[in-house]
Amino acid sequence: MSEIVFDNVWKEYGDQIVLEKISLTIAPRAFVALVGPSGCGKTTFLKMLLGEEAPTQGQITIDGVPLVAEPGPDRGVVFQRYSVFPHLTVLGNVLLGKELRAAPVTARLFGAARRAARDEAMALIAEVGLAGSEDKYPAQLSGGMQQRLALAQALIMRPKVLLLDEPFGALDPGIRADIHVLMKRLWHETELTVVMVTHDMREAFTLGTRVIAFERPRDRPEERERYGALLSRDIDIWPPRIAGAPLSNTPDQDDLVTPLDHGQDDLAPTQGV
Amino acid sequence: MSEIVFDNVWKEYGDQIVLEKISLTIAPRAFVALVGPSGCGKTTFLKMLLGEEAPTQGQITIDGVPLVAEPGPDRGVVFQRYSVFPHLTVLGNVLLGKELRAAPVTARLFGAARRAARDEAMALIAEVGLAGSEDKYPAQLSGGMQQRLALAQALIMRPKVLLLDEPFGALDPGIRADIHVLMKRLWHETELTVVMVTHDMREAFTLGTRVIAFERPRDRPEERERYGALLSRDIDIWPPRIAGAPLSNTPDQDDLVTPLDHGQDDLAPTQGV
Amino acid sequence: MRWINRKPGPGVRTMLMLAPFVLLVLAYGLGSMARLSDNPSDKLLPALGTMVDAINRMAFVPDVRTGEYVLWSDTGASLGRLSIALGLSTLIALVTGMLVGMLPYVRALLAPFIATISMVPPLALLPILFIVLGLGETAKIALIVIGVAPAMIRDLALRVQELPREQITKAETLGASSWQIALRVVLPQILPRLITSLRLQLGPAWLFLIAAEAISADSGLGYRIFLVRRYLSMDVIFPYVAWITLLAVITNFALDRLRIAVFPWSNLEAR
Amino acid sequence: MRWINRKPGPGVRTMLMLAPFVLLVLAYGLGSMARLSDNPSDKLLPALGTMVDAINRMAFVPDVRTGEYVLWSDTGASLGRLSIALGLSTLIALVTGMLVGMLPYVRALLAPFIATISMVPPLALLPILFIVLGLGETAKIALIVIGVAPAMIRDLALRVQELPREQITKAETLGASSWQIALRVVLPQILPRLITSLRLQLGPAWLFLIAAEAISADSGLGYRIFLVRRYLSMDVIFPYVAWITLLAVITNFALDRLRIAVFPWSNLEAR
Amino acid sequence: FAEAKTDFKVAWSIYVGWMPWGYAADTGIVQKWADKYGITIEVTQFNDYVESMNQYTAGAYDAVSLTNMDALSIPSAGGVDTTAVIIGDYSNGNDAVILKDRTELAAIKGQPVNLVEFSVSHYLLARALDSVGMTERDVNVVNTSDPDMVGAFQTPEVTAMVTWNPMVSEILTLPGATSVFDSSMIPGEIIDMMAANTEVLADNPDFGKALVGIWYDTMAVMTADTPEGAAARAAMGAASGTDQAGFEAQLAATKLFATPADAVAFTAAPELGATMDKVRTFLFDKGLLGSGAPSADVIGIELPDGSILGDANNVKLRFTASYMQMAADGAL
Ligand SMILES: Nc1ncnc2c1ncn2[C@@H]1O[C@H](COP(=O)(O)OP(=O)(O)OP(=O)(O)O)[C@@H](O)[C@H]1O
Ligand SMILES: Nc1ncnc2c1ncn2[C@@H]1O[C@H](COP(=O)(O)OP(=O)(O)OP(=O)(O)O)[C@@H](O)[C@H]1O
Ligand SMILES: [Mg+2]
Ligand SMILES: [Mg+2]
C-alpha cells in the first residue's frame, strides 16, 4: 500500500546544502501538496523520491524497503514540461509503457497483444478527455491536453506513487480547473499516493489531503550555501479528504472558475485601495 | 494625455479571423486588464496597439491621431519573457533607451551626458528595488528581478502608454505580490496609461481600473477560422481607482500573501469536497 | 518605416532572388567577351556557346574510347561513391553518436578522441589510406567517411545530450531499459536531426569525393575535372562545377522534404 | 543500474580518455615494426625513432639552403595565411550575416544565392581564382575565404533570425533605429556565436589551406607535406599532421576561452 | 619475401609515354598476354603520378610506370629493389623551360621559376642553368602542382616555368610564351620506363615477359599508319583528356622506341651510365638519396652490362635489356 518514510534526509550538492533533516511519513493514498519558495529544493525532494538523486545522508523507504536508486515503473511522474514524447502520437505515448513492459527487445507490440493494450490505452485516453485526439502529435495539443496526456501515460503503468512537479503551472485558470476535477477523480478511483509540487496555494489546498511547506530559515546570500531548507509547516486538511470516498455533491469551488465569475471573492479585498 | 480609440477594428491572419469588431475607448491614465482564453487574440490586440501589426479593417487612434505603424518610444512594453537584453548588465539595460535617444550614430553616451543618464538610471533601478544589482547580467537575476528590470527599462523612456503581455505569469505568488505593489505605485506616480494582458483573474481585479474580456462566441473547430474573438465583457472596477490619488492606508490583500497565510480564504470553499 | 520592418512583396522577392544569378551570368559574359576579343583562343572564360558545345559533347556524344556518354557515366560513378560513403557515415554517426550521447562511459572513452580526430586534415593522410585500403572504391569512400563522420558524430551526440532529461526520466518510470530508451525514445527523435546533419555535410562530402577522384579513378566528376584541368578546358570544368552544385542543391532540398515526410512531428515542433 | 545512469569516477574517466590515444600509438608501433622487419628502409610507417629524428631535423637544425628552421618557418607561413583568411571570413560573415539576418530585402536578395554558392566545390574553381587573383598569397587566402565564409554567413544569419522578436520590438519601443538595433542589440549578441561559428570552420579552413599550399607555395605546412609526399617521407608527414591537429585543437580551445572571457554573459545563459 | 605467384598489379599514370597501358588494358592485349602465361595482370590507372609511385614503393603494386630519375629517388631510395623492364621512350621536347615575354634562357636569372619541385622538371632546370653557367642559386624555385601549370602561367607573378606535356603545348599557345630550353637538348636523359619489383621479377620471369609482350604488341598497333593505328591514337588522346591531334603533337616530342630492337640498342649504349651518373649527382645535391646519405654512391645502380655505379652492396636500381631482347628475338 506504499507508506513512504523519509528518515532524517539531507541533500547537498557539492558544498551547498539544499535540504536539511527532512523526516516525514507519507501515509498510503495520501495526496501531499508540496509548497515553498523557488529554489528551496522541492524538485530535489521529488528527484530523491524518484530515485534520480540519492540522499547525502539519511534514508528513504517505501513500505519499509529502501528505495530503489533508479526511477522505475512503480513511481509515475508528470513534469511541468517535456513529460510527453513529441515523436509519438497521443495513442503512441500512452501505449509506450505497455510496449516497454511487454517486449524487452523490440519494445513494440503486435497482433492480439497490441489490440488488447490499445483498448486499454483508448479507455484511459477517453478517461482523461482526449478521445478523438488519438492520432495527434503533442505539438498539436494545447498545454492542458498535453498534461492530461502525461497523466494518462503515467497512469497506464498503475504506479503506486505518482509524483507531480508543478504539472499545471503553465496552464490557463479555466483549463486548470478542468484538470483539477480530473485529478481528484483519478485519485479517488486509483490506488495512488500522490506527491505534487505546486506554486499555487489555491491548488495545494484544493487538491491535497496534506500541505507541506519547505522554507530556508536562513536565506541571506552569505548563508545560502551553509544552510538548507527545512520542512517548515505540515498541515492536514480538515475535514480530512479520504481517497475513494464518494464525491460529495457540493461542487468544488475551483470547478466554477471561469474568467469573470471570479469577480465576487476577488473584488472585495481590492476595494480597499 | 493619450486617449486610445479602437474604431471597429478587425484582424485577420490569412483566412483566419482573429479579432472582430473591436470598438473601444481607453481613457487617459486608465489601467486596463485584458483577459480571455488562450489564443483568443490578446497578444494580437497588444501588437496592434504597439504598431507591430496593422489592423485588417478599422482604425486605432491615440489622442485622435492615427497610430504610427511601428513601435516607438511613446509606447513601452514588457513581455512575459525576453524583455531584457541578456548581454547588458542591469545598468546597461536601463541606460540603453537614453543612449539610443541621445546618440543616433554611436548609441553610446560619454562623459557628463553619461553621468547624468547614469544617475537617472540608478534612481530608477533603486525605485524598482534592484539597487545593488546594477552590474549583474539578467541571467544572474531571478525571474521577478528580470521583470522589474524590464519595467525600469521601459519607464526610463517616459512612455505615454505601457503595454504588458502577461508580465508576471512566470513568477512565484510571493514575488508577484511584491511586484503588484510596485506596479501600483508606478502607475500612481507616473503619467501612464497601462494595458495589461493577464491570465490571472486575481491580478486583473487587483490592479486594473477596468477589466476587458475577449471571447470567441463560436469556438467549435470548424468555426475557428471563420469567426474571431469579440470584446465580450467590459467591467469598470468599483469604487473607481484613480491614478495619482493618495494610496489608502488599507493594505492591498495581495501584499499580505505569503504562502501559508493564504489559508483563510482558500480553505473555505474546498471544504465542500 | 525602419528597414528591418520593410518586407518585399512576392514579385519583388522573386526578382531580388534571381538578381545575383543573372548578374553573375552577365559578369561572366562580359569578362568572357573581353578576354576573347584579346585572344580568340583564350580558354579561361570560354564563350557560352563553347560551353554548350562541350556539354553537348560530354552528355550526348559517346566517348570514342569507351562508347559511354561521359557526363552520365561520370555522374553515375560519383553519385555511387557519394551515396555509399554518406550512407556509411550516417550509419556510423548514428550508432556512435547515440552511444556517446547516451552512455557516460562511452562518452568518457570516445568524446575527446573524436574531437581530436575531427581536427586531423584527411587530405594529408591520403597515401596511408590508399595503401591500407587499396586503390579501388574503398579508399575513396573511406576518405569521405573519415572527412565527414567525426563532425556528424559530434553533432548527433550533442543532440542526444540536449534531449530533455525529463524525457529520459519519464521513460524510466515507464520501465524502460537502456536499450529500450535508445530504441523508442532517443533513436526516433534523433533521426530527423541525422538528416539535417547529413545535409550540412553535403558540401564537405563533395569536396572529399573530388579530392579522392583527383588521385586515382577512371571516371567520376572530380576525375574529369582534374583530367581536363591540364588543358585548362574551362568549357568542360564550368558545366561540371555547375552540375555538381545543382546536384548538391537538389540533394539538400530532397533530404529536407524527406525529413518532413517521414517525421512529420519534427516540423510541428519548430512552430 | 542502467548503463545510461552509470558514471565513471574521475580516475576511470582519465584512463578512458587516454585509452584510444594509447591504443592508436600502440597499433602504429606494431604495424611499423611488422613492415620494418620486412623492409628495413620502408617509408610508409617509419619507426618512432625515425620520426623523432625527422622532427629534430625539421625543428632544430637550420635548413642548408635557406638557413631557416623549416618547421617554424612553415608554421609561421601557414598560420599567417590562416589568420588573415579567417579574419577576413569572420568580418565578411559578420557584416553579411547581420544584413541578411536583419533586413528582409537583403535576405530576399542574397539568401538563395549564398545557399547555392556554399554548395560549389571551391577546389574545382582554382584556375579561375589563380588567374583573377594571381598565384601569391591572395589566391590562397581567397580559397580559404570562399571555402569557409558562406557557411559562416548562413550560420550567423540564422542566429540573427533566432533572436527573440520580443527583443527587437523592445528596442524599437526604446526608440532604436535599424542601425542602432544592429549596433547595440544584434551585434553584441551575435559576436559570441561568431566565435563559435569560427571554431566550427577551423577544420575546413585547414583543409583549404593545405589544398592551396599544395598547389603553389614555397613554404607552409601544407606545402611541406605535399613536397615530401613525393618521397613518401611519412617520417615528416606524420609529425606535421600531428602538429596541425595540435594547432587546431589549441586554437579551438583558445577561441572558446576567449568567448567566455570577452562575453561572460554568453556562458551564463547556457545554465 | 617474394615467391612464385600468379596475380600481378601494374600501376600507370596519365602521360603521353604511358597511355598505351590504358589502351592495352581496354582492348584486351593485357588479357591476351596474361592468359598466355597463365597469370592475371590488373592494370590500374592513376590520375596522380606521385601517388602511383608511392603505392608501388609501399608494396601495393608489382610494377609501375615512372622516369629514370624518380625510380632512383623514390622506390630505390625507399629500399625497394627495382628493375627497369621496358625503356619505352625518352623525352625529346616534352619537357621545357618556358619564359614569358623573354626569349633567352639567360634572362631567367633572378626570376621565380614555377615547377614541380624534385621532379624531372627540376632536373631539366638544373641542366638548363648549367648550360648557361648558372646554378639554382640564381633563380627562385616555387613549387606548383602540375595540373595547375596552365592556369598559373597566365597570372602576372609567373614569368618562368618548367613543366611537361600536355601542359607545355597548352602554355606555348598563350601569348608571350617561349620555350627557351627543352629536353630535346639533353636527349636520352629523361627516360620513361616500366619498372618492376626486382624480387617479384626474379621469382616470376613470366610477369616480365608478359609486360614486354603487351608493350610491343601495343606499340605495333599505335605506331602503324593505318586506320587502326589512328583509332588507337584517338582513343589514347581521349583517355588523356584531349583528341587525336593533340595526342599526336605530344607524341612528336617523344622519342618512342617502336621496336624492341631500338629500345635494346638505347639501353645497352654506354650513355645510359653517364646519364644515371648526372641524375644521381643531382639527386644527392638535393638530399633526395636519403637523409644522411654520405655521397651519391649510397645506392648502387646496375647497368645492362653488369657494371655497377655506386655501392655494389646496396644495389637498388637495375637496368636490363634482357626482357626487351626476348621480344626482339621473338622468344616470348
Ligand atoms: N544538479 C544540481 N547541482 C547543483 N545544484 C543544484 C542541482 N539541482 C538543484 N540544485 C540547487 O538546489 C537548489 C534547489 O533546487 P530545486 O530545483 O530543487 O528547487 P525548487 O524548489 O524545485 O525550485 P523551483 O520552484 O524554482 O522549481 C537550488 O539552489 C539549485 O540551485
Ligand atoms: N503571425 C501570425 N500568423 C498567423 N496566425 C497568428 C499569428 N499570430 C497569432 N496568430 C493566431 O491568432 C490567434 C490569436 O493569437 P494570440 O497570440 O493573439 O492569442 P493570445 O490571446 O495572446 O493567446 P495566449 O493567451 O496563449 O498568449 C491564434 O489562433 C494564433 O494562432
Ligand atoms: Mg522545481
Ligand atoms: Mg499571448
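Every heavy atom of this structure was used, including side-chain atoms; hydrogens, water molecules and symmetry mates were not. By convention in this document, chain letters (A, B, ...) are assigned in the order of the sequence lines, proteins followed by strands, and residues within each chain are numbered from 1. Model, not experiment: these values are computed from the prediction.
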As an exercise: rank D:Phe226, D:Phe238, D:Trp179 by heavy-atom pairs under 4.5 Å with chain C and give me the winner.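 Counting heavy-atom pairs under 4.5 Å, the top option is D:Phe238.
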
Of all of D:Leu110, D:Leu202, D:Leu125, D:Ile210, which one pairs up most often with chain C through heavy atoms under 4.5 Å apart?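 When all of D:Leu110, D:Leu202, D:Leu125, D:Ile210 are compared, D:Leu125 has the most.
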
Spell out, as yes or no, whether a donor-acceptor pair under 3.5 Å connects the side chain of C:Arg2 to the backbone of D:Ala176. yes

Hey, could you give me each pair passing side chain to side chain donor-acceptor pair (under 3.5 Å) that has a residue in residues 114-132 of chain C? Not counting sequence neighbours. C:Ser118-C:Arg154

Positions in residues 243-252 of chain D that reach chain C, provided some heavy atom is under 4.5 Å away: D:Ile244, D:Thr245, D:Ala248, D:Val249, D:Asn252

Taking only heavy atoms into account, what residues of residues 9-18 of chain D are found under 4.5 Å from chain C?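 Against chain C, the residues of residues 9-18 of chain D that fall inside the cut-off (heavy atoms, under 4.5 Å) are D:Val12, D:Arg13, D:Leu16, D:Met17.
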
Where on [X] is there a heavy atom nearer than 4.5 Å to chain C: the side chain, the backbone, both, or neither?
| X | answer |
| --- | --- |
| D:Ile237 | side chain |
| D:Phe208 | side chain |
| D:Ile168 | side chain |

Could you tell me which of [options] has the largest number of non-hydrogen atom pairs under 4.5 Å with chain D?
| options | value |
| --- | --- |
| C:Trp206, C:Tyr240, C:Tyr105 | C:Tyr105 |
| C:Ile225, C:Leu24, C:Leu44 | C:Leu44 |
| C:Met119, C:Met102, C:Lys7 | C:Met119 |
| C:Pro121, C:Gly147, C:Pro8, C:Gly222 | C:Pro8 |

Any pair counted as salt bridge (Lys or Arg N to Asp or Glu O under 4.0 Å), so long as it reaches residues 101-127 of chain C, sequence neighbours left out: none

Portion of [X] that has a non-hydrogen atom of chain D nearer than 4.5 angstrom:
| X | result |
| --- | --- |
| C:Arg35 | side chain |
| C:Pro112 | both |
| C:Leu232 | side chain |

Should the heavy atoms of other residues, nucleotides or ligands under 6.0 Å from CZ of D:Phe21 be counted, would the total exceed 12? yes

So, do D:Ile117 and C:Pro20 sit near enough that their side-chain heavy atoms are less than 4.5 Å apart? no

Go through the steps to decide whether D:Asn5 and C:Glu172 satisfy the test side chain to side chain contact (heavy atoms under 4.5 Å, CB included), and finish with yes or no. CA-CA 11 Å; D:Asn5 290 327; C:Glu172 290 181 298; 2.6 Å; yes

CG/C:Leu103 to CD1/D:Ile4 distance, rounded to the nearest 0.5 angstrom?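 The CD1 atom of D:Ile4 is 8.0 Å from CG of C:Leu103, to the nearest 0.5 Å.
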
